[in-house]
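Quick notes on the structure that follows.
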Amino acid sequence: MTQFSDLLTANHAYAAARANVADARPGRRLAVVTCMDARIDVFAVLGLHLGEAHVIRNAGGRVTDDVLRSLALSTHVLGVEVLVVMQHTKCGLAGITDEELRALTGADLGFLPIDDHAAALREDIELLATKPYLVPLKAIAGFVYDVESGEIADVVRWER
Ligand SMILES: [Zn+2]
């Protein structure tokens with residue numbers, strides 16, 4: 001499959017020129033939870049560089065059990081204290097229901113669709129803020145990234 005060969009060819013060039021980061025702890029003590037959407041270049045959007053942040057991605061950028069699992073490690077093992085939860089405009093999980101997504105995929109799952117970005121961000125940040133094991137988190141921001149303008153709306157803030 002040429003897709004895989006293309007990826008490996010690109011890797012040769014990358015490996016020859018890459019910067020090395022020895023410390024696994026994010027330099028800015030930051031984690032970003034965001035959507036898997038291919039239009040979001042997380043590092044570029046937020047002005048981040050290699051080694052500075054954990055980036056945890058899934059459909060919708062929602063706070064799932066697996067996001068909580070990752071953040072328990074980010075905070076307690078790797079020193080993360082600040083979190084951004086970033087949803088985005090034109091998201092495939094917005095304006096659609098669980099029933100429609102189950103019909104579309106044939107998967108009997110809870111997809112965490114988004115009715116309203118601000119409400120979904122508030123719900124997810126409330127969940128994060130009330131987890132006793134996430135006590136190292138000092139501040140959380142809920143952003144909505146506009147995939148057309150590239151700009152971020154600063155929607156929710158929380159601080160301990
Ligand atoms: Zn999305």
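Counting convention: from 1, in listed order, for ligands and their atoms alike.
A donor-acceptor contact shorter than 3.5 Å is absent between the side chain of Arg29 and the backbone of Glu81. For Thr34 (side chain) and Met86 (main-chain N/O), a donor-acceptor pair under 3.5 Å exists by modelled atom type.
Taking all atoms of both residues into account, the shortest heavy-atom contact from Ala120 to Ile114 is CB-CG2, 4.0 Å.
Within the protein, the number of N/O/S atoms found under 2.8 Å from the Zn ion (ligand 1) is 3.
Shown here are the side chain to side chain donor-acceptor pair (under 3.5 Å) partners of Arg69, two or more places apart in sequence or in another chain: Asp66. Residues meeting the side chain to side chain contact (heavy atoms under 4.5 Å, CB included) test with Glu52, sequence neighbours left out: Arg28, Leu48, His49.
Among residues at least two apart or in separate chains, there is no salt bridge (charged side-chain N to carboxylate O under 4.0 Å, His left out) pair with a member in residues 125-134.
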